[in-house]
Amino acid sequence: MEQKPKTSPKDFFLYLGAMIALYISTVSIIALWFRIIDTAFPDPLRYTDPYSTGISIAIASLIVIFPMFLGISWVVHKDESKNSEKRELGVRKWLIYLTLFVAGIVIASDLIVLISRFLSGREITAGFFLKVLVIFVVIGAIFAYYVYKLHKKDGISDKIGKYLTWGTAMVVILSIIVGFVVMGSPQAQRTKRIA
């Protein structure tokens with residue numbers, strides 16, 4: 001009779017920490033790109049100040065939380081590589097399925113909003129379309145990754161893991177740089193607030 005692996009407190013908090021860091025990083029990068037899009041394609045009926053719209057919080061969250069996500073994920077990956085039975089832990093499966101469930105709902109909602117706006121005859125602006133695209137790309141990538149991870153019984157290879165890690169890190173770094181370009185330097189913010 002096959003014995004199920006037991007979840008240790010370390011396993012529980014590593015998987016939970018990775019998912020919480022993933023969720024915060026995801027919300028932060030989407031919020032950052034929404035603010036960038038708002039600045040690039042301003043709505044003439046609405047004034048937005050890049051300093052008060054949360055762009056700085058999104059950047060700060062990515063700077064702090066995303067490296068934590070990478071670090072925790074690296075520890076989890078190494079642990080799963082050494083102990084393949086860890087891939088069968090209940091906490092791991094529950095959190096991955098929860099993530100897939102949430103991602104599926106967000107993607108479906110995103111498509112519903114896009115189609116509804118089209119069917120109602122409202123104008124689909126470049127800014128609106130880009131926001132829909134950001135959600136679809138970010139959440140779709142997470143969904144695809146975790147579906148792939150669930151179906152790979154022998155785990156994700158180190159080579160693919162490195163490519164995914166570096167690719168994701170480059171996207172986040174690029175997003176932060178674009179955010180700083182849009183927002184301006186901290187010195188420029190101080191000058192603008194004083195003026």
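Minimum interatomic distance between Ile176 and Leu62 (heavy atoms only, all atoms of both residues): CD1-CB, 3.9 Å. Asp110 approaches Phe136 most closely through the heavy-atom pair OD2-N, 3.5 Å. Here the closest non-hydrogen pair linking Ala58 and Ser28 is CB-O, 3.4 Å. Among all heavy-atom pairs drawn from Leu70 and Ala169, the shortest one is CD1-CB, 4.4 Å. When all heavy atoms of Ala103 and Ile139 are compared, the closest pair comes out as O-CG2, 3.4 Å. Closest approach of Gly179 and Leu32 over heavy atoms only: CA-CD1, 3.9 Å.
Within 6.0 Å of atom OH in Tyr23, more than 12 heavy atoms from other residues, nucleotides or ligands are found, so the atom counts as buried in its surroundings.
Under the 3.5 Å distance criterion, with hydrogens and angles disregarded, no donor-acceptor pair is assigned to the side chains of Thr7 and Tyr15.
In the hydrophobic clustering of ILVMFWY residues, with side-chain heavy atoms under 4.5 Å counting as a link, Ile177 and Trp33 come out apart. By the criterion of side-chain heavy atoms lying less than 4.5 angstrom apart, applied directly or through intervening Ile, Leu, Val, Met, Phe, Trp or Tyr residues, Ile65 is not grouped with Val27; the two fall into different hydrophobic clusters. Linking Ile, Leu, Val, Met, Phe, Trp and Tyr residues whenever their side-chain heavy atoms come within less than 4.5 Å leaves Tyr163 and Trp166 in two separate clusters. Both Leu174 and Leu164 are part of a single hydrophobic cluster, where members link through side-chain heavy atoms under 4.5 Å apart. By the criterion of side-chain heavy atoms lying less than 4.5 angstrom apart, applied directly or through intervening Ile, Leu, Val, Met, Phe, Trp or Tyr residues, Trp94 is not grouped with Phe101; the two fall into different hydrophobic clusters.
Taking OG1 of Thr26 as the reference point, atom CZ of Phe69 lies at 7.5 Å (rounded to 0.5 Å). In this structure, the separation between OG1 on Thr125 and CG on Leu130 is 8.5 Å, given to the nearest 0.5 Å. Of the inter-residue distances, the one linking Ile96 atom CD1 with Tyr146 atom OH reads 6.5 Å to the nearest 0.5 angstrom. Atoms OG and CZ, from Ser56 and Phe180 in turn, are 9.0 Å apart once rounded to the nearest 0.5 Å. In this structure, NZ on Lys149 lies 8.5 Å from NE2 on His77, to the nearest 0.5 angstrom. Leu95 CG to Leu100 CG: the interatomic distance, rounded to the nearest 0.5 Å, is 11.0 Å.
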- Start with the C-alpha distance between Lys131 and Asp38, add both sets of side-chain angles, then the distance that settles side chain to side chain contact (heavy atoms under 4.5 Å, CB included), and finish with yes or no. CA-CA 9 Å; Lys131 287 179 181 180; Asp38 284 343; 2.7 Å; yes
- Item | Residue pair Ser61, Ile57: steps toward the side chain to side chain contact (heavy atoms under 4.5 Å, CB included) verdict | CA-CA 6 Å; Ser61 296; Ile57 292 172; 4.1 Å; yes
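The side chain to side chain donor-acceptor pair (under 3.5 Å) check on Asn83 picks up Asp79, with sequence neighbours excluded. Every residue two or more places apart in sequence or in another chain was checked for a side chain to side chain donor-acceptor pair (under 3.5 Å) with Lys162, and none qualifies.
Salt-bridge formation is not detected for the pair Arg92/Asp11: no Lys NZ or Arg NE/NH1/NH2 atom is positioned less than 4.0 Å from an Asp or Glu carboxylate oxygen.
Looking only at side-chain heavy atoms (C-beta outward), Phe66 and Ile173 stay at 4.5 Å or farther from each other.
Panel note: side chain Ser120, backbone Arg117; a donor-acceptor pair is recorded below 3.5 Å.
Screening Val106, Ile107, Ile105, Leu111 for a side-chain contact (heavy atoms from CB on, under 4.5 Å) with Ser109, the sole residue that qualifies is Ile105.
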